[in-house]
Amino acid sequence: MVTASPHAHHHPVENPSFQAWLQVKAVRDIASGLLIFVLVAGATPHLLGWCMPAATCIPLGDALVVLRSGGPRAVAYGAHGATALVMPAIGVLLLVA
């Protein structure tokens with residue numbers, strides 16, 4: 001008699017890692033949409049300076065997803081959190097340049 005594996009009917013969408021990846025993808029899609037609105041609003045010399053703070057929601061969202069999915073805090077804060085702090089600082093420097 002052959003018995004089915006307990007994971008025989010397991011779908012990838014039920015996998016927490018896959019769900020975390022989808023959440024990261026959603027954050028990036030929303031942030032990309034915000035950047036497009038900024039770019040469409042007008043091309044000024046300081047446009048990149050405004051784009052950097054707008055794009056900061058990408059690493060912030062990534063950090064939240066890593067934390068909510070039980071990922072390593074070092075990655076959430078060290079990689080994504082640090083990036084989220086540096087991006088607006090660069091934006092300010094571009095705006096005052």
Side-chain angles (χ1 to χ4, degrees):
M1 180 169 152
V2 176
T3 58
S5 165
H7 302 290
H9 298 290
H10 189 270
H11 298 284
V13 294
E14 297 170 358
N15 181 318
S17 294
F18 183 70
Q19 288 182 4
W21 178 82
L22 288 176
Q23 291 175 7
V24 167
K25 181 77 170 125
V27 169
R28 291 186 189 287
D29 289 346
I30 292 167
S32 297
L34 290 173
L35 285 173
I36 290 170
F37 282 120
V38 170
L39 292 171
V40 169
T44 65
H46 297 121
L47 184 58
L48 185 55
W50 287 111
C51 288
M52 294 300 286
T56 300
C57 62
I58 295 172
L60 286 175
D62 289 352
L64 290 174
V65 169
V66 170
L67 292 171
R68 287 186 57 212
S69 65
R73 287 182 175 202
V75 171
Y77 296 120
H80 303 299
T83 302
L85 290 174
V86 170
M87 289 177 71
I90 292 171
V92 168
L93 291 174
L94 288 167
L95 288 170
V96 298

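Atom set for the values below is all heavy atoms of this structure, side chains included, hydrogens, waters and symmetry mates excluded. Only a predicted model underlies this, so the values are computations on that prediction, with no experimental measurement involved.
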Participant: What is the minimum heavy-atom distance between A76 and V66, and which atoms define it?
Facilitator: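 Shortest heavy-atom separation between A76 and V66 comes out as CB-CG1, 3.8 Å.
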Participant: Mind checking whether M87 and L48 sit in one hydrophobic cluster, side chains of I, L, V, M, F, W, Y counted as touching below 4.5 Å?
Facilitator: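 Yes; tracing contacts between hydrophobic side chains, which count when under 4.5 Å, links both residues.
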Participant: Minimum heavy-atom separation for A84 and T56, please, with both atom names.
Facilitator: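 Smallest heavy-atom distance, with atoms named: O-CG2, 3.3 Å.
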Participant: Pairs under 3.5 angstrom only: tabulate donor-acceptor contacts from the side chains of residues 20-36 to other protein residues two or more places apart or in another chain.
Facilitator:
residue	atom	partner	partner atom	Å
R28	NH2	D62	OD2	2.8
S32	OG	R28	O	2.8

Participant: Check I90, V96, V92 against L94 for a side chain to side chain contact (heavy atoms under 4.5 Å, CB included) and give me the one that passes.
Facilitator: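 Per the side chain to side chain contact (heavy atoms under 4.5 Å, CB included) rule, the option paired with L94 is I90, out of I90, V96, V92.
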